[in-house]
Every structure is written in C-alpha cells, then in structure tokens.
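Worksheet: the structure to be examined is printed underneath.
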Amino acid sequence: MPDLTAAASAETAPSDAILEARGLFKTLGGNRVLDSVDLSIGRGRVKVLIGPSGAGKSTLLQCLNFLMPPDSGHILLEGREVDKRSKKELCAFRQQVGMIFQDFNLFDHLSALENVRVALIKVKGLSKLEATERAVAELARVGLKDKATLYPANLSGGQKQRVAIARALAMDPKVMLLDEPTSALDPELIGEVLAVIRDLAQGGMTMIMATHQISFSASLADEFLFMDKGRVVEHGSPAELLGRGSSSRTQAFCAKISELTGEAGDGAAGECRL
Amino acid sequence: MSTPYLEFLRAELAPGLMEGLWVSVLVIVPSALLGVLIGLTAGVLRVYGPTPVRKITEAYVSLFRGTPLVVQVFFWYFALPYIKIAGWSLVLDPIEASILAFGMCSGAYQSEYIRGGLNSIKRGQIRAALALGMTTRQAVLNIVLPQAFRRALPGCGNEIIYLIKYSSLASIITVNELTGTATTIAKNTWRNIEVFCTLGVYYLVLVTLAGWILHLIEDALSVPGFERPRT
Ligand SMILES: Nc1ncnc2c1ncn2[C@@H]1O[C@H](COP(=O)(O)OP(=O)(O)O)[C@@H](O)[C@H]1O
Ligand SMILES: [Mg+2]
C-alpha cells in the first residue's frame, strides 16, 4: 500500500503536526510495552488506536503526556520538543493535552462544577467567578448544566465521563487523548458519551483515542493505528484497513470484536465489511 | 462526721476540679493540634516522601508507638535538659513537656490514619490532576488531602479521645490538671472513692463534648460519597 506511507510521511512534516512522538520505548516489569513507536497527528485530525488488550495503547497515551515517562524517545508539541526534566514546562505542556481516562477519575470530593473549575483556578489562575462561568459553559456543552451541583457519587457513569470531558475541555487543550472512554460504561450509557466525542471531532478537535468501538470510530477517524505487543503494526484509513477484500490484521481483529460483542446496535460488523 | 457528698462536691471538690479542668484543657488542646499537625506531615511523608525521609518517619512512628507513654513523658521532662547540642539544651516546664510528649505520641498514631486515608484515594485522581497541568504538590494539596482527611477523620477523632484520657499522665510530672488535682484532694480528705468517681465523670463529659465537636466537623465536611457512617 504505497499510498499509506505517502500519507504518513506527508503528515510527519513539522509544519502541520500538533503532537509528535519519535522512537518511544517503555519497559514495565521486564516487558517491552512500547517498542519504537512513532506517531504524528495534524491539527483537527482523529487517530484511533485499536488492538488487543495488553498491546500498549494505554501506555502509549500516558507516555504522550508524560504521566508515564517513556524510557527513551521524544515528544514534540507544535514542533517543539518537550523537556520532561523541567517541571514547569511539563505542567505547561500537560495543560495543552487533555486526557480522558477509562474510569473517569473525577475528583470525588468535588461537585461536577468544582471538578471542572478547580484546575482553572489552581493552574490557569482564573478568578473564582471567571472559572465558574467557564465551567458552567463547558458543562452545558456536554449537556450537564443541570447536574452542576451533583457529586460524582450521585452521577451515572456516562455523566461522570461527560464531566471529565468538560473538565479537560475547560483547559483549552490543543489535542485530546482518550483511553477507552466508554469501556467502563453500561451499554445504555455509551451513546451519550460517543455523541459528545462526535461533536468534538466535528468541531475540529484533534484527538487520539484508544477504543473498541470500531464502527463509531471508523466513522470519525482519519487513521486507524493497530497496535500489538508494543508496536504499531498497521496503520491506514478505516476504509483501507476494514474495506471489502482487505486482509489486514485490523480487519480480522475488528471482525472478532464484533462477533464477540455482537455490536448489533452499533453496526460494527456491518461497517467492518464496509 | 464528714460532710455529705453533695456538700463536699460543692464546697471543695468541684472548685478544685474546675481549676484542674482548665489546666487539662490547656494541655489537651495544644497537644491535639500538635498531634494532628505532626500526623498530617508524617502521614504525607510516609506516602509521598523520598525513600530516606520515608524511612525516618517510619522510624519515628515505630519509636513512639513502641514505647510506653510514661517513658516518653519522663524523657521530655527529665532527660531532655541533659541533651546538649552545641552547648545548648532545652529545659521544658511540666506543661510544655506534657504537650510535647502527647503531641509527639499522638502524631505517630495520627499519621497511621492519615496514611490509610491517603492510600484509600485512587492513584487515578492524581493522574487526572497532573494531566490537567497541576504539580504533584497541587494535586496532593487540592485533591488527595481533602479526601484523605475526610476518610481519616473518624480514626483521628478516636485518637483525640484517647489523648483526652492519657493527658492524665501529665500529673506524674507535677502538672496539676484534673487527675493531679483529684489526687491531691483525695490525699487530703481521704475520700478516694468519691473523688475518683467524680473525676471519671469529668473525663466522660470531656470525651462526650469532644465526640460532639468531631461529629459537627464530620458533618460540615460531609459530601455525597464521604458521609459519616450512621449507626
Ligand atoms: N505497572 C506495570 N508493570 C508491569 N507491566 C505492566 C504495567 N502496566 C502495564 N503493564 C503491561 O504492559 C502491557 C501494556 O499494557 P497497556 O498499555 O495497559 O495495554 P492496553 O491499554 O493496550 O490494554 C500489558 O502487557 C501490561 O500487562
Ligand atoms: Mg488500556
């Protein structure tokens, strides 16, 4: 597939890459969890990480904002390398990279509003009033204006994840990393979170998302990256990898997922055969 | 013969114990504050400190939990003046020595509850805070500690209640707090049973009051997910 490499190399041109990772390695407990991973994403692009459990998707996402420092490799934001030894630079960098976790990680002692507001006050230095206005606006954006005073203990999983998204958006990130944002949700709650993510993508947000929601992400993604054993083993547009007649590992993996989950409501099996 | 109990209480015992009560409060309140402060610091260091600091705090906790409080009280009062650093030594009056002894001992126990509270907060919340651009310090202060404190509060409260009772040990280094005063009155009047039963009631009232205050604090800090367990 020569067109794939052409697309990939065009994207690594420094001009349009917002976030770029070069040669990431990570070893955990004696296992090579990331094995020379390169990645580059342009403004407004959506890349989706798929692959079996344990492939290293979460590790990659956490290395991308140094929540887990890679053993070696370079991370560049808008062409500038991030110096992980400078705490100040690291904090400034992380503000610009929003992160969404599988298990939400809301601050349990703070209301939805306070969850969104706290970093605006403590990190961005906004006044309480400004921060509150912004937080209300972000909660409204994810459809939770009327839940602002509720605490995580009283929110559903889908609502918690939407608060987490609002919290990340309030920091005006240049790129968002999403680690299986719907995997911890009951099936009936997945839709409301996917709808918010779709809105974000359509609004031009740059995103890297690990997910098992194949058909949903096929409809959003510019590129699928298939990971296995710490490497990106295939990449390409969803149509190329999942299209009729494709013999890609991505295709085989997606077919297996949709078979297992019977992703009927989502129509994954259908779209896998595009 | 001797005056009836109520007359004895009104004329002699209550006025005496009232003076002792103020001294007790003067010892208990600063000791409790010192204990909570030390406990918070030691608890945080034990969980987030660099290894050498962690080892030192662990040693502090083992030492103060592993030796009798009487020994510690005697140490601060009698032995401390003999320890000279650069020609200087610290001589504490009995009340100061008691406050230091109780605060240090209480802090060792408090740090256990604080550590438990800290460890009960999922690491994911720290990661979320860091991902928003907070420093580790901001994450610990704004996210972890407020939750850990709520989780630790019942244990810390219990420790303060113990402290109220073991503050009676101050009497052995001549502090005339409740127990010291009661002992003197008992010796002078030979009315041991009445004096010490009354003393017990005073402590019971103190402990009950402290329990109420702690519940008020717990309720004030209560948010959904962090309610005080109701029995
Ligand atoms: N703290 C750790 N110590 C040792 N191995 C780990 C640790 N965290 C993750 N791993 C291993 O790293 C591999 C990749 O994990 P992860 O990035 O979570 O994969 P994925 O998100 O794709 O399921 C797995 O094999 C996992 O067992
Ligand atoms: Mg994962």
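Predicted, not measured: the structure shown is a model, and the values here were computed from it. The figures that follow rest on heavy atoms only: side chains count, while hydrogens, waters and symmetry mates do not. Just so we're on the same page: letters track the sequence lines, and every chain starts at 1.
Sparse packing is recorded around CZ of Arg80(A), with 12 or fewer heavy atoms of other residues, nucleotides or ligands lying under 6.0 Å away. In the displayed structure, Ile85(B) atom CD1 is contacted under 6.0 Å by at most 12 heavy atoms of other residues, nucleotides or ligands. Residue Glu227(B) qualifies as enclosed at atom CD: its count of foreign heavy atoms under 6.0 Å is above 12. Summarising the local packing, OH of Tyr162(B) is surrounded by 12 or fewer heavy atoms from other residues, nucleotides or ligands at distances under 6.0 Å. No more than 12 heavy atoms of other residues, nucleotides or ligands shown are found within 6.0 angstrom of NZ on Lys55(B).
Listed in order of number, the residues of residues 131-140 of chain B that approach chain A to under 4.5 Å between heavy atoms are Ala131(B), Leu132(B), Gly133(B), Met134(B), Thr135(B), Gln138(B).
At a 4.5 Å heavy-atom cutoff, the contact between Lys122(A) and chain B is made by backbone and side-chain atoms alike. Contact of Asn154(A) with chain B is made through the side chain alone, with heavy-atom distances under 4.5 Å. Contact annotation for Arg150(B): only side-chain heavy atoms (C-beta onward) come within less than 4.5 Å of a heavy atom of chain A. Heavy atoms closer than 4.5 Å to chain B are found in the side chain of Phe101(A), but not in its backbone. Only the backbone of Leu106(A) comes within contact range of chain B, with heavy atoms under 4.5 Å apart.
The backbone N or O of Gly124(B) sits less than 3.5 Å from a side-chain atom of Asn105(A), completing a donor-acceptor pair.
Tyr151(A) is linked by a ring pair (Phe, Tyr, Trp, His ring centres under 6.0 Å) to nothing, counting only residues two or more places apart in sequence or in another chain.
Interface summary for chain B: among Asn65(A), Val123(A), Asp108(A), the most heavy-atom pairs under 4.5 angstrom belong to Asp108(A). Ranked by non-hydrogen atom pairs under 4.5 Å with chain A, the options Ala128(B), Pro224(B), Ala129(B) are led by Pro224(B).
Within the model, atoms CG of Leu130(B) and CZ of Phe66(A) stand 13.5 Å from one another, a figure rounded to the nearest 0.5 Å. Rounding to the nearest 0.5 Å gives a distance of 8.5 Å between CZ of Phe104(A) and NZ of Lys122(B). The NE2 atom of His109(A) lies 8.5 Å from the CD1 atom of Ile121(B); values are rounded to the nearest 0.5 Å.
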Could you please spell out the steps behind the side chain to side chain contact (heavy atoms under 4.5 Å, CB included) verdict for Gln62(A) and Arg127(B)? CA-CA 9 Å; Gln62(A) 299 204 35; Arg127(B) 271 187 286 138; 3.2 Å; yes

